[in-house]
Amino acid sequence: MSQSIAERVRALREQINYHNYRYYVLDSPEIPDAEYDRLYRELEALEAEHPELVTPDSPTRRVGGKPLEGFAPVAHRVPMLSIRTETDIEATGALNFNARIRRELKLKDDDPPIEYACELKFDGLAINLRYEHGVLVQAATRGDGETGEDVTQNVRTIRCIPLRLNAAKPPAVLEVRGEVFIPRPDFERYNAKQRESGGTPLVNPRNGAAGSIRQLDPAIAAQRPLSFYAYGVGETAGWKLPPTHSRILDALLELGLPVSSERAVVQGPQGLVQFHDDIGRRRDSLPFDIDGVVYKVNSLDLQTRLGFVSREPRWAVAHKFPPEEELTVVQAIEVQVGRTGALTPVARLKPVFVGGVTVSNATLHNQDEIDRLDVREGDSVIVRRAGDVIPEVVAVVKDRRPQPAPVRFEILQRYPACPVCGSHVVRQPGEAAIRCSGGLYCPAQRKQALLHFASRRAMDIEGLGERLVDQLVDLGLVRTPADLYRLGMAKVANLERMAEKSAAKLLAAIEKSKHTTLARFIFALGIRNVGETTAKDLARHFGSLDALLAADEEALMQVPDVGPVVAQSIALFFSEPHNREVVEQLRAAGVKWAEAAPQRRQLGALAGKTFVLTGTLPNMTRDEAKDRIEAAGGKVAGSVSKKTDYVVAGADAGSKLIKAQELGVTILDEDALCRLLEPEAQGRLDF
DNA sequence: TGGCCTCGAGTTCA
DNA sequence: CTCGAGGCCA
């Protein structure tokens, strides 16, 4: 009887270990989570009833023991070496490594290429796992390479690390080396949960991993979403060492240890460069942070021949990418005044090299963001530039805050008046933004309004950029968009860096912009809450400017997607005599468009279909694709949802493509899009 | 009323 | 790209 319970317990452990392996190591679960939970609970129950059957390697025993007083030192039997870093950050750094190896091995130019194992350099914490007869007996940090700290209790809580190896006859001793880290998505999720519950979020995945492993209380470490990838071995006994590094990793994987699938065996230097570039391109979309890649001579024989230089193996090198996160100092917090008068705080940073560029500014968005980060002038901050291009302040390193601490930064206190025009500033109840009340009296807002008017999606006046607008406004040559059409050669030629030729070019661009569309014109006016899409809706609905001007709030609400707020913004804009005047002046200056009958319904083959564009198409710009889809009656949205009908994907498509695949949205390439568009061009002849 | 789904607006650097 | 917030539908 008790025999059969012991058997059941053993069977359950085997099953649970197997499903752990499928889930955490192979990332392809075989059974639903609920089924796994059921097995786990059954084992827990049996162990509770029969404590004599509990073994330390049981999957239920991950979090055991009490908080420690401190960590015991562990002498590594085989030292944990560091890897030398290739100094040349360019892809050519790989060539230097290959050249060094060949020289060292005294190879001639016509000898065959060397085989390398390429893998990722994870941004985490190096750990040594010691398995004796298949059971995890000890986990230690690297420390100084000779002696680390015993962190077994914490490491046992990491779900993807097997407590028992998957082998009938496990080696007497197997030390596995690898990196503990926190995957990005898990990190974000953990932090979101912490913020919700008022807990302290982790500063970044790296510190989070290191900090978790050094928790004295394993119960805390167990809460952290730690993960692990093996990349090598230390001491082994009773194990037939495979002949190459890549085969060692294969063997570890078979024993149930997680090994990243982002690895490759390549021949010669071109292979290294290719791996480096491939990973570099995909770096942002990997679900974890890496510093770079690692190249290792694959053959263990060659590794032995190459040996070591002062504790660094000669047969391996780390080839880093530009850092994605860096520490820098907020030298000052200033504000910028935008088109709508919003005062946007900007951190002026001590320039740092992050993600391949030097960053010296980062937006702080608004007061709420400043409060959330509690960033103050003089603070040390972590700056990140990933996924997107725009740098952001991730967190303040409070330990490094200067003493005495600088005061909390309050926009309203620091800037009771607009720094540009001196008008008072206000924060509307319920709004995050603090705004300058100066309106178009404020030169900053006027400049932004002009830039918006001239922008590509509005009137498309080429060459009218920030520099020029600054001068035109500062010299008093232009106050309203209408003034642009009254500029002559005499005025323009006075500007800095404006010789005859560029002046003529600017005037020509202004002239050209007179031919436009009603939608562009409405968008160009810069009415609050009226962007490109709403402008198009308005143009389509009313057909003519006069019809729009005549519409009251009620009439405006008839337009699709226009509700009370947007209707009020529009009505308010046109109730301002000054604005009506500018509109009339623009028409008088010759700005014109083809007016159409009001259209209440979209026609065309693609009517009612929603598209999302992502990536770079081979023969069309995004704008062209958008125009053509819209011409056929389709809509182009910015993000993928279940309402999306098609996703048009080009080269280097990013997260939107992944989302589309998840939601099962039809994915088109350029050709398929053209096929959808073309019958439309023919079909339209029938109307 | 709540929960999507969009749109608008602001943003960095070379 | 990512917020915040407006609009719409259940």
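Atom set for the values below is all heavy atoms of this structure, side chains included, hydrogens, waters and symmetry mates excluded. So you know, we letter chains A, B, ... as the sequences are listed, proteins then strands, and number each from 1.
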Next item on the list: Taking only the side-chain heavy atoms of Thr534(A) (C-beta and beyond), determine which of dG10(B), dG6(C), dG8(B) contains the nearest atom.
Entry: dG8(B)
Check: Expressed in angstrom and rounded to an integer, what is the separation of Leu451(A) atom CG from dG10(B) atom C1'?
Finding: 13 Å
Note to self: Checking side-chain polar atoms at under 3.5 Å, does Gln274(A) have a donor or acceptor matched by the opposite partner on Asp278(A)?
What the structure shows: no
Notebook entry, point to check: OP1 or OP2 of dG10(B) less than 4.0 angstrom from a side-chain nitrogen or oxygen of Thr340(A), does that happen here?
Noted result: yes
Check: What integer distance in Å separates Gln448(A):CD from dG10(B):P?
Finding: 8 Å
Next item on the list: Would you mind checking if Asp537(A) and Arg540(A) are paired as a salt bridge, meaning a charged N to carboxylate O distance below 4.0 Å?
Entry: yes
Note to self: I want to check one thing: is the phosphate of dG10(B), taken as OP1 and OP2, less than 4.0 Å away from some side-chain N or O of Gln336(A)?
What the structure shows: no
Margin query: What I want to find out is whether Glu262(A) reaches Arg283(A) closely enough, with some N-O distance under 4.0 Å, to be called a salt bridge.
Written below: no
Note to self: Rounding to an integer number of Å, can you tell me how far Asn366(A) CG sits from dT2(C) C1'?
What the structure shows: 12 Å
Notebook entry, point to check: So which nucleotide from dT11(B), dG10(B), dG7(C) ends up closest to the side chain of Thr363(A)?
Noted result: dT11(B)
Checklist line | Rounded distance (Å) that lies between atom C1' of dG10(B) and atom CD of Glu466(A) | finding: 13 Å
Margin query: In this structure, how many angstroms lie between the C1' atom of dC3(C) and the CD atom of Gln367(A), rounded?
Written below: 16 Å
Next item on the list: Look at Asn361(A) and dC13(B) and indicate whether a side-chain polar atom (N or O) is within less than 4.0 Å of OP1 or OP2.
Entry: yes
Item checked: Among dT12(B), dG7(C), dT11(B), the nucleotide that comes nearest once only the side chain of Thr344(A) is considered -> dT11(B)
Check: Of all the choices, dC8(C), dA9(B), dA14(B), which nucleotide is nearest to the side chain of Val357(A) once you look at every atom?
Finding: dA14(B)
Notebook entry, point to check: At under 4.0 Å between heavy atoms, what does Glu369(A) touch on the DNA or RNA strands: base, sugar-phosphate, or nothing?
Noted result: nothing
Margin query: Whole angstroms only, please: what is the CG-P distance between Leu556(A) and dG6(C)?
Written below: 17 Å
Check: Can you tell me how far P of dA9(B) sits from CD1 of Ile527(A), to the nearest Å?
Finding: 10 Å
Check: Picking from dG7(C), dT12(B), dG10(B), which would you name as closest to the side chain of Pro391(A)?
Finding: dT12(B)
Notebook entry, point to check: Mapping Ser360(A) and Arg339(A) onto DNA chain B by nearest heavy atom, which one lands closer to the 5' end?
Noted result: Arg339(A)
Notebook entry, point to check: Over how many whole Å does the gap from Ile434(A) atom CD1 to dG4(C) atom C1' extend?
Noted result: 15 Å
Next item on the list: Please tell me which of Gly341(A) and Val359(A) maps to the more 5' nucleotide of DNA chain B, matching each residue to the nucleotide holding its nearest heavy atom.
Entry: Gly341(A)
Note to self: Testing the 3.5 Å rule here: is there a donor-acceptor pair between the side chains of Thr340(A) and Arg435(A)?
What the structure shows: yes
Notebook entry, point to check: Should the heavy atoms of other residues, nucleotides or ligands under 6.0 Å from CD of Gln568(A) be counted, would the total exceed 12?
Noted result: no
